[in-house]
Amino acid sequence: MDVTGDELAELYRRYGHLVLRRCRSILRDEVEALDVMQDVFVRAMRYEKSIDRASSRLGWLYRTAERACFDRLRARGRQVEVEPAALDLVAREGFERPDASAETREVVLAFLGRFDAKVQRVAVLHYVDGLPQEEIAAELGWSRRTVGKKLALLRARSQVLARSLLARREGRDR
Amino acid sequence: MSHPLRVELERLSAAEVNEAERARLESHVEACPECRGYLEGLEAERRALHRAFPPSVLVERVEARARRGWRPGVLWAGVAVAGAAVAVVAVLLFGPRPLPDEGAAVDGYRLMGSPAVRVVLRREGRVRDLRPGEPLRAGDGLRLEVTAGDAPLHVSLLALDLEPRVEAPALVLVPEESCGLDEPCSLEVRGQTVLPGSVVVDDDPAPVCLALVAGREAFDLQTGAALAEEARARGCGVAESSRVDRDRGSPDVVWTLVVAPEAP
């Protein structure tokens, strides 16, 4: 590791708030987001050559942050925290409402740990970055149809999981 | 007014834009209260973060973490233990290459009494068996026929990313609808059964590993996913041995296949 403290500090000054914001959006937990942000900068030190070769340092840091966040989401396992009103809405009505509403975003991100990397990537671009399908397709080099299929799968599975979680909560409340 | 993408404003915030982009974005931001608000919000977050967590503290902590070494990611730890409660299974492993002769159907590995898998290919409206090592094209549809052997079998079909090598979880393709949080996540098949749904090869060049997990009793999502993860780690589609082991106490991966479109 040849990165000096000054270089690391400069990287953090420029990108730290953006990396933290990304982690916060995905994890929805301030303490965990701060922890993952530090992991991302550890990786930036460790993979200095890789980040230097990247066409965009911000892009490299975002990809790394997302992967680290997805690992955390997986590690949460069955501990899924979803705001009750959002869960209820998506469980009962699915994604009939405007797709990027606060409720659908809340549910999709809560269950994101249960999807593969491609679906996770599409979900972040759509629900965190707010990109339309055409721009996601351009960003990833896929066809719009493929992006649409991944989003459709994400929504269908998220509704199944939302129903399941709602049934579990209702059973517990009885 | 057409707004720039958020990520473009974030690049501006990180001073990661060229002169032309900077001029375009700054001109827009000046005239657009919404984008100006977003950019100002980012700057406020930067100041708040640096107050709460100054660069010198970050450097200290990151260097300390790097010295301690890498913290291993938490995988589906403990899941395999849960799988041990599931009953006897017959195991048959084969990949896309280990077929005895070119042109044979992909069920060539069936052993007496054990499960077998046959892959049916739908291409341009025609349906036939997938040939060994046959390249796949975007738009191809694959359906799996499972022969249960001499007793009912519980199966689950999972998909895992092979590249990039990130620790991503398995995605359940069959049985999708019943895979809630606490329910069993396997489908009971008897005799010769075509699994519901089909896998359509998309135009994403990154390969995906399909893994069929089978057991004599129903198993849950995490058990199936942990087994599929192990199959990916061993090398999807490269296992060429086949065996039947009726004494195993858990389900196992019985079949794997790499799915990726050939280069155009």
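To find a chain, count down the sequence lines: A is the first, B the second, and so on, and within it residues start at 1.
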- Message: Taking CZ in B/Arg36 as the centre, count heavy atoms belonging to other residues, nucleotides or ligands within less than 6.0 Å. Is the count above 12?
- Response: yes

- Salt-bridge criterion met for A/Asp35 and B/Arg61 (N-O under 4.0 Å): no

- Task: Report the distance from atom OG of B/Ser13 to atom CG of A/Leu58, rounding to the nearest 0.5 Å.
- Result: 9.0 Å

- Message: Using heavy-atom distances under 4.5 Å, tell me whether A/Leu18 contacts chain B through its side chain, its backbone, both, or neither.
- Response: side chain

- Query: Relative to chain A, which segment of B/Leu5 carries a heavy atom at a distance below 4.5 Å: side chain, backbone, both, or neither?
  - Reply: side chain

- Query: CZ of B/Arg6 to CG of A/Asp129: how many Å apart, nearest 0.5 Å?
  - Reply: 8.0 Å

- CE of A/Met45 to CD of B/Glu63, rounded to nearest 0.5 Å, is 5.0 Å

- Note on the structure: Closest heavy-atom pair, B/Ala14 versus A/Tyr15, reported as atoms and distance to 0.1 Å, is CB-CE2, 3.5 Å

- Message: So A/Leu34 and B/Leu49, do their side chains get closer than 4.5 Å, heavy atoms only?
- Response: yes

- Point-to-point distance, once rounded to the nearest 0.5 Å, from CE of A/Met37 to CG of B/Leu58: 5.0 Å

- Message: If you define the side chain from C-beta out and look only at heavy atoms, does anything of B/Phe53 sit under 4.5 Å from A/Leu20?
- Response: no

- Message: For the CZ atom of B/Arg65 and the CZ atom of A/Arg46, what is their distance to the nearest 0.5 Å?
- Response: 12.0 Å

- Query: chain B heavy atoms under 4.5 Å from A/Val128: which part of the residue, side chain, backbone, both or neither?
  - Reply: backbone

- Part of A/Leu131 within contact of chain B (heavy atom distance under 4.5 Å): side chain

- Message: Counting heavy-atom pairs under 4.5 Å with chain A, which one of B/Glu10, B/Glu43, B/Arg46 comes out on top?
- Response: B/Arg46

- Query: Which region of A/Arg121, side chain (C-beta onward) or backbone (N, CA, C, O), has a non-hydrogen atom less than 4.5 Å from a non-hydrogen atom of chain B, or is it both or neither?
  - Reply: neither

- Neighbour count >12 (heavy atoms, 6.0 Å) for atom CD, A/Glu134: yes

- Identify whether the distance between the nearest side-chain nitrogen and carboxylate oxygen of B/Glu16 and A/Arg57 falls below 4.0 Å. no

- A/Glu135 portion near chain B, given a 4.5 angstrom heavy-atom threshold: side chain

- Message: Is the shortest side-chain heavy-atom distance between B/Val7 and A/Glu139 below 4.5 Å?
- Response: no

